[in-house]
Amino acid sequence: MKSIQESLPDPLKNQQLSHQSISLEVQVQRYNEEEGYLRGKDCRLCKNKGYIMILDEGYKALKPCECQKRRDTKVNVEKSGLQKMIQDYTFETFEAKTMWQRVIKESAQAFVSDQAHWFFIGGQVGAGKTHICTAIVNELLKQGKQALYMLWREEVIKLKSFVGDGKEYLRVIEPFKTKEVLYIDDLFKTEKGKSPSSTDITIAFEIFNARYQDKDLITIISSEKVIKDLLVIDEAIGSRIFERTKGYCTQLNQNHNMNVRLREREKYE
């Protein structure tokens, strides 16, 4: 049996299709004229809805407005834990007057450009390690990626407090193992003279091993340790970091002249 539309004479069929098309166009126009409720930026293109309706081969479809990308970036920054540093620590504000500073900056920019997955910088205190890693995260956030900031010394204390509660521990450690971009700042930072505890090492291995196995995840690491130090702490962790960061592994020798924080003090001496 033919459908009602198939049984119509061609002129009437075309007329019905024309009415349907006009109806869809009206619906699209009405949607695009409606005011939305999104805040933070007044966009007249989508009327603060974040999306624009279009007709795609006779069907209604929503496509993200350009402003939605910027809104998503803002949300991602807030969720990353880097909102206090993200505006100040950029590639533009990273001082690159010396050769070693230029090497750091060029390596970080190449990492972003090459869409690589693991980046490591370790060694001398005050050489701009946190600055350059935050600048990398900043660029990845602009690309729409979701990031998480892990200040090692603070977060590992929190994680250790849940070790006795298996279910809760799994819940709190999961984001560090699965977030699209993870920046670990000051890996294995401890009180002066102390070594990382066995629990610290176990937690670190769990995080790094999960991210090592998922090759799509991006991991950025800064530390006062260099690779040989990490291998001494735990060879399984150090070797994973070394393998994954080939080409993007910067190690800075201990040299107080590289501590940019001390330059301000020198002005007053």
Side-chain angles (χ1 to χ4, degrees), residues 5 13-94 108-109 111-117 119 130-151 155 158 170-185 211 214 216-220:
Q5 183 171 305
K13 185 189 300 182
N14 292 336
Q15 186 178 18
Q16 185 182 50
L17 291 173
S18 177
H19 285 315
Q20 289 175 347
S21 176
I22 293 172
S23 177
L24 287 175
E25 289 175 359
V26 170
Q27 292 177 49
V28 168
Q29 182 178 358
R30 285 177 179 173
Y31 176 87
N32 289 332
E33 289 176 352
E34 290 176 356
E35 288 290 336
Y37 58 86
L38 297 178
R39 298 180 180 179
K41 176 180 175 58
D42 183 27
C43 178
R44 292 297 85 202
L45 187 60
C46 68
K47 305 293 192 298
N48 298 322
K49 294 188 295 294
Y51 291 87
I52 298 169
M53 186 174 284
I54 60 172
L55 279 178
D56 183 10
E57 296 183 357
Y59 294 92
K60 294 182 294 182
L62 292 175
K63 71 172 186 177
C65 179
E66 283 299 313
C67 77
Q68 187 61 27
K69 296 178 182 178
R70 293 189 288 272
R71 294 180 200 274
D72 288 344
T73 297
K74 183 175 183 296
V75 171
N76 287 340
V77 169
E78 291 171 354
K79 290 181 177 179
S80 73
L82 284 168
Q83 59 268 37
K84 292 182 180 179
M85 298 190 293
I86 208 80
Q87 293 182 341
D88 296 329
Y89 292 174
T90 65
F91 284 140
E92 290 73 23
T93 59
F94 183 81
Q109 290 177 318
F111 175 82
V112 175
S113 178
D114 293 345
Q115 297 183 352
H117 288 84
F119 181 93
T130 297
H131 186 144
I132 204 67
C133 289
T134 304
I136 291 173
V137 177
N138 199 345
E139 294 302 314
L140 296 176
L141 286 167
K142 290 178 183 177
Q143 295 175 13
K145 300 186 185 301
Q146 295 187 350
L148 181 62
Y149 175 61
M150 182 183 194
L151 182 56
E155 296 299 334
K158 295 177 185 176
L170 291 175
R171 184 188 68 81
V172 295
I173 199 174
E174 186 67 13
F176 300 112
K177 295 163 65 175
T178 59
K179 185 66 72 172
E180 185 175 14
V181 178
L182 175 66
Y183 168 30
I184 301 178
D185 191 7
R211 302 186 70 81
D214 190 337
D216 291 330
L217 300 179
I218 299 172
T219 308
I220 301 159

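Only heavy atoms go into these numbers, but all of them, side chains included; no hydrogens, no water, no symmetry mates.
Atom CD of Gln115 sits in a sparse spot, with 12 or fewer heavy atoms from other residues, nucleotides or ligands closer than 6.0 Å.
Among residues two or more places apart in sequence or in another chain, the salt bridge (charged side-chain N to carboxylate O under 4.0 Å, His left out) test is passed with Lys177 by Glu206.
Note on Arg30 versus Glu33: no salt bridge recorded, every NZ/NE/NH1/NH2 to OD/OE distance being 4.0 Å or above.
Put simply, the side chain of Ile218 does not reach to within 4.5 Å of the side chain of Ile136, judged on heavy atoms. In this structure the side chain of Glu155 reaches within 4.5 angstrom of the side chain of Phe176, judged on heavy atoms. The shortest side-chain heavy-atom distance between Leu182 and Arg211 falls under the 4.5 Å cut-off.
No donor-acceptor pair under 3.5 Å is formed between the side chain of Ser113 and the backbone N or O of Gln109. Gln146 places no side-chain N or O within 3.5 Å of a backbone atom of Glu180 that could act as its donor or acceptor partner. In this structure, the side chain of Lys49 does not engage the main chain of Cys65 through any donor-acceptor pair within 3.5 Å.
Between Glu139 and Val112, the shortest heavy-atom distance links the atoms CB-CG1, 4.0 Å. The minimum heavy-atom distance linking Met53 with Asn32 is given by the pair N-OD1, 2.8 Å. Taking every heavy atom of both residues into account, Thr90 and Ala135 meet most closely at C-CB, 3.6 Å. When every heavy atom of Cys46 is checked against every heavy atom of Cys43, the shortest pair comes out as N-SG, 3.7 Å. The two residues His131 and Thr93 make their nearest non-hydrogen contact at NE2-OG1, 3.1 Å.
If you take CD on Glu25 and NZ on Lys60, they are separated by 12.5 Å, rounding to the nearest 0.5 Å. Interatomic distance, CG of Asp56 versus CG of Leu62, reported as 11.5 Å (0.5 Å rounding). The CG atom of Asp216 lies 5.5 Å from the NE2 atom of His117; values are rounded to the nearest 0.5 Å. With rounding to the nearest 0.5 Å, the separation of NZ in Lys47 from CD1 in Ile52 is 9.0 Å. Here the CG-CD distance, from Asn138 to Glu92, works out to 8.5 Å after rounding to the nearest 0.5 Å. Rounded to the nearest 0.5 angstrom, Phe111 CZ and Ile132 CD1 are separated by 12.0 Å.
For the residue pair Asp185 / Thr130, a side-chain donor-acceptor distance below 3.5 Å is found, with atom types taken as modelled.
Ring planes of Tyr149 and Tyr183: tilted class, angle from 30 to 60°.
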